Amino acid sequence: SPEDIAAIARLIYQVGAAGRRVIIMSATMTCDIALTLHDTYARGWARYAEQTGMNNHVHLLCTGDTPDSYRDNRTGAAAEAVISDCIAHVLQDVTNADVLRKTEILTPVEGWEDLVDQISTSCSHLHDKNAVEVAGYNVSFGLARMTRISHTAALAVQLPAGEFSDRLRVKICLHSNMPRVIRSWIEMRLKGALTRKGNMPNAGIEAFCREEGLFDQAARAGFRDIEIILISSPVVETGTDYDFDWAVLDPYSIRSLIQTAGRVRRHRSVHDAVNVHVLGRPVAAMQGGRIA
């Protein structure tokens, strides 16, 4: 938000004025924001250079995750040109990359009960299309990301679960108002289950299901499908390396959608199925509230 950017800019100015360096890592930073933060740092560094007699030139390096996107200002290029050129190459890399996420926008609904039913149906549909075989069971670990904590908690309570329809459905709730020790424990379990790198991407999922007794519970009910859903606030968007099979997202902003969708099939190869559903309108707007 603008308030966040202003706070970060003040911090970056102070870092520059102290003669320190700054690294900014983001998947959704626009050229305008990057340029604003660079100029803010340059003003801080100029103050430091004035006090110490150092050169007030700021070295700028901008890069994506491929060598072709690397750009810097060693040749005297302006910061805006460096950032814009890097972004252009990142976009070209994305255009040529495999498609890991396919999205479907759901039909808007009018009431909360209808929304819960729609999300429940969406979760089951995405499970059917994206589940993986683990120990002889069809298992998926999906994400339902809401924007407000109140909506997150309400959905976690009201979404049907247990021996549901033809499957075992398990719910997990995560938001920033939880006591820190509980939130840390949940995040630790999620990291173990959803770090799906290497030759055995489902080892963490299998361990999670065995530790929680999900295979035994499904077997007793005669089910072969286990659908695990993390119902989360935006706390799941940044600073995590989770790899979900699918996601249902409350469309708060394009940046938020990109950040959260990046947690779907994050560590694995392409899968030819829709794996992200976006609600037809923000939940706050649907309820007549003001999106803030």
Side-chain angles (χ1 to χ4, degrees), residues 1-97 101 103 145-149 176 232-242 249-264 266 278 282 284-285 290-292:
S1 69
E3 291 81 5
D4 296 330
I5 295 172
I8 293 169
R10 287 194 295 270
L11 177 61
I12 287 177
Y13 177 86
Q14 292 171 358
V15 171
R20 308 298 294 177
R21 273 60 170 175
V22 170
I23 299 175
I24 301 171
M25 300 179 67
S26 173
T28 56
M29 182 177 296
T30 64
C31 184
D32 289 343
I33 293 175
L35 189 60
T36 296
L37 298 182
H38 172 270
D39 291 346
T40 300
Y41 177 81
R43 290 196 297 272
W45 178 263
R47 178 64 62 87
Y48 175 77
E50 181 182 359
Q51 294 173 347
T52 60
M54 295 185 65
N55 191 322
N56 65 1
H57 173 73
V58 172
H59 298 290
L60 171 65
L61 184 153
C62 188
T63 186
D65 57 359
T66 60
D68 289 343
S69 63
Y70 176 97
R71 293 293 181 274
D72 61 43
N73 65 348
R74 286 181 295 179
T75 60
E80 183 173 5
V82 172
I83 296 169
S84 297
D85 198 22
C86 175
I87 290 175
H89 281 78
V90 169
L91 293 176
Q92 185 62 45
D93 293 336
V94 171
T95 301
N96 296 331
R101 301 154 198 102
T103 303
R145 197 271 291 140
M146 309 301 285
T147 299
R148 294 180 175 173
I149 292 176
S176 58
S232 177
S233 69
V235 70
V236 77
E237 290 178 6
T238 57
T240 60
D241 198 25
Y242 305 148
L249 307 180
D250 182 9
Y252 175 70
S253 69
I254 293 297
R255 181 177 291 113
S256 177
L257 291 177
I258 293 172
Q259 286 280 11
T260 313
R263 273 68 192 166
V264 176
R266 186 175 181 86
V278 178
R290 181 176 67 86
I291 301 176

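This is a predicted model, so every value here is computed, not measured.
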message = Once side-chain contact (heavy atoms from CB on, under 4.5 Å) is applied, do any residues pair with Leu60, and if so which ones, sequence neighbours excluded?
response =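 Listed in chain order: His38, Asn73, Ala79, Val82, Ile83.
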Test side-chain contact (heavy atoms from CB on, under 4.5 Å) applied to Thr52 - qualifying residues, sequence neighbours left out =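 Testing Thr52 for side-chain contact (heavy atoms from CB on, under 4.5 Å), a comparison that skips the adjacent residues, returns Tyr48, Met54.
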inquiry  = By the side-chain hydrogen bond (donor to acceptor under 3.5 Å, both in side chains) test, which pairs, at least two apart or in different chains, include something from residues 4-17?
reply    =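 Every side-chain hydrogen bond (donor to acceptor under 3.5 Å, both in side chains) pair that includes a residue of residues 4-17, provided the two are not neighbours, is Ser1-Asp4.
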How close do [X] and [Y] get, heavy atom to heavy atom, and via which atoms?
X	Y	value
Leu257	Pro251	CD2-CA, 3.9 Å
Arg101	Val264	NE-O, 2.8 Å
Leu37	Ile12	O-CG2, 3.8 Å
Thr66	Thr63	O-OG1, 4.1 Å
Arg145	Glu237	NE-OE2, 3.2 Å
Ser69	Cys86	O-SG, 3.4 Å

Taking atom [atom1] of [X] and atom [atom2] of [Y], what is their separation to the nearest 0.5 Å?
X	Y	atom1	atom2	value
Ile5	Thr36	CD1	OG1	7.5 Å
Ser233	Arg148	OG	CZ	13.0 Å
Tyr252	Gln259	OH	CD	13.5 Å
Thr40	Ile8	OG1	CD1	11.0 Å
Thr147	Asp250	OG1	CG	3.5 Å

Pairwise salt bridge (Lys or Arg N to Asp or Glu O under 4.0 Å) hits with a residue in residues 78-90, at least two apart =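 Passing the test, one end in residues 78-90: Arg71-Asp85.
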key: salt bridge (Lys or Arg N to Asp or Glu O under 4.0 Å) contacts in which one or both residues fall within residues 32-50, not counting sequence neighbours   =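 Found none.
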ask   = Are more than 12 heavy atoms from other residues, nucleotides or ligands located less than 6.0 Å from atom CG of Asn55?
value =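 Atom CG in Asn55 is crowded, with more than 12 foreign heavy atoms closer than 6.0 Å.
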Listing, residues 16-27 side-chain donor-acceptor contacts under 3.5 Å, not counting sequence neighbours, or none:
unit_1: Arg21; atom_1: NH1; unit_2: Gly19; atom_2: O; d: 3.2
unit_1: Ser26; atom_1: OG; unit_2: Thr28; atom_2: N; d: 3.1
unit_1: Ser26; atom_1: OG; unit_2: Met29; atom_2: N; d: 3.2

